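These notes concern the structure reproduced below.
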Number of protein chains: 2
Amino acid sequence: MIKYSINIFTMSRNKIANEKQKDERRAQILRTSLLLFSRKGLSATRINDIARESGISQGLVYHYYRSKEEIFTDLIRHACENMVAAARALEQMPIAPEQKIIRAVTVLLKGLDKNDETSWYYLLIVQAAISEAIPQQARELFLLSNAVQHEVITRILEEGQKKGSVKKHPAADLAMVFWTAVSGLAFGKAIHGESFHMPDPEILSAMFLEDRTFSR
Amino acid sequence: MIKYSINIFTMSRNKIANEKQKDERRAQILRTSLLLFSRKGLSATRINDIARESGISQGLVYHYYRSKEEIFTDLIRHACENMVAAARALEQMPIAPEQKIIRAVTVLLKGLDKNDETSWYYLLIVQAAISEAIPQQARELFLLSNAVQHEVITRILEEGQKKGSVKKHPAADLAMVFWTAVSGLAFGKAIHGESFHMPDPEILSAMFLEDRTFSR
DNA sequence: GTCTATATCCAGATAGAC
DNA sequence: GTCTATCTGGATATAGAC
């Protein structure tokens, strides 16, 4: 009883510390899971691999997550939130539409090229997109963020078409080719790993912009 | 003894019939496996699923194939052989390089759009490419055929550049973007299924060819 | 919170009857 | 050739000691 009451303070501090440590552990599990999932996919990745690579026991993983699927879905959620946030931020920028396109291409290519968590996220999304054997929730998150990204790029392209800096194909089609190219690159990266060298962003941008956009 | 000798003829005929039936069964297993692998990937596809979808028992699968991996590798081999053969055939055609590019784009897009075995093969290759958890042999086949395809397109692009019909970026880079776009489309197809509508082949071709190639 | 041990389940592969 | 029944291994998830 005494022990209990005099420890309210201490407990409170410990709780905070514990929460912090718990978050760190979770982050650690997420990080190694991200790497493994992005390389092998959900169903070929073993909880055991995740535990070993995280330097903890298999049982402990279940202290932080209820299942492998939950880890996966959590990662997809983070990935999607980041992508959507980036898309919205891009759209809000006070620059010309063609500059937004160039910037989007540049940022995406750089992210893919970096060979760190950022690129792993792309590959994870590729994994999630491609297999039917992923959690329902993860699939929904992915499709939603996909739709948002497509809409944003479509709007930017349309804006550019109005002022004549973007090629005149239907904007939705162009947007589709845009994301197609990006996923193709993520894909190339997934295949060839570090030896894959990204194309010059200009090659890609040029595919959507009118030539004069560059020459002036 | 008698039974044996009088059956030499019959056996011979049966053997032929059996061989034929065996081939059909194998083809049947391959077809259903192709569909399943292309949708869920190697490790999420169960031998049991393959058996059920093929209308046979699980045990019987092992009469025709030694393992799940063998089926997978067999499929990849077929896919790669076809891709390489198509690439070589394209290169040999007696038409202008820019026409070869247009034709390649058209054929690839049509194949992806068809929603039959052809498109499943693309998706299978995507599956194979993306996961580290595939048989070594399958990976090697894939990388080899990839290299060949890349070389073929590079040569065609270079040829076109000489006569001025293809854009002047480094040919190897353009070729990479070419295959990147194709895999991106396969990828889009994998995600959105039948609702995914392929872009006009011209949009893609135009990304590699000089404008005058179309207008003249 | 963390580990080890273990229960449970499921999938790949085999054996053997028909 | 085909099936059913079974073995075996491995992976998820849980229980319980510390």
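These numbers come from a predicted model, not from an experiment. Throughout, a chain's letter reflects where its sequence line sits, starting with A, and its residues are numbered from 1.
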Tell me: NZ of Lys22(B) to P of dT2(D), nearest whole Å?
10 Å

Whole-Å gap separating C1' (dA13(C)) and CD1 (Ile56(B))
14 Å

Touch check for Ser43(A), heavy atoms < 4.0 angstrom, all strands: base, sugar-phosphate only, or nothing?
nothing

Per Arg46(A) side chain, nearest of listed nucleotides dT2(C), dT12(D), dT2(D):
dT12(D)

Would you mind telling me which of Tyr62(B), Tyr64(B), Tyr65(B) makes a side-chain contact (heavy atoms from CB on, under 4.5 Å) with Glu70(B)?
Tyr65(B)

Verify the contact: side-chain N or O of Arg66(A) to OP1 or OP2 of dT12(D), cut-off strictly under 4.0 Å; return yes or no.
no

Can a donor-acceptor pair be found, under 3.5 Å and without considering hydrogens, that links the side chain of Ser54(A) to the backbone of Ile56(A)?
no

What nucleotide among dC3(C), dT2(D), dA13(C) has an atom nearest to a side-chain atom of Ser57(A)?
dC3(C)

ring-ring contact (aromatic ring centres under 6.0 Å, His included) assessment of Phe72(B) paired with Phe37(B):
CA-CA 8 Å; Phe72(B) 189 85; Phe37(B) 285 144; 5.1 Å; yes

Could you state the atom-to-atom distance from NZ of Lys40(B) to P of dA11(C) in whole Å?
10 Å

Looking at the side chain of Lys68(B), which of dA13(C), dG1(C), dA13(D) is the nearest nucleotide?
dA13(C)

Taking 4.0 angstrom as the limit, do Lys20(A) and Asp23(A) come out as a salt bridge?
no

Rounded to whole angstroms, how far apart are CD on Gln58(B) and P on dC10(C)?
14 Å

May I ask you to verify if any side-chain N or O of Tyr62(A) is less than 4.0 angstrom from the OP1 or OP2 atom of dT14(D)?
no

Counting the atoms with a prime plus P, OP1 and OP2 as sugar-phosphate, which does Ile47(A) contact under 4.0 Å by heavy atoms, base, sugar-phosphate, or nothing?
sugar-phosphate

Choose from dT12(D), dG1(C), dT2(D) the nucleotide whose nearest atom is closest to any side-chain atom of Leu60(A).
dG1(C)

Within this structure, what is the CD1-to-C1' distance between Ile29(B) and dG12(C), rounded to whole angstrom?
15 Å

Between dG12(C) atom P and Glu69(B) atom CD, what is the distance in whole Å?
9 Å

Mind checking Tyr65(B) for me? I need base, sugar-phosphate or nothing, with any heavy atom below 4.0 Å counting as a touch.
nothing

Nearest whole angstrom, please: distance from the C1' of dG1(D) to the NZ of Lys20(B).
18 Å

Would you say the side-chain atoms of Arg88(A) pair up with the backbone N or O of Gln149(A), donor to acceptor, closer than 3.5 Å?
no

What is the separation between atom CD on Gln28(A) and atom C1' on dG1(C), rounded to the nearest whole Å?
13 Å

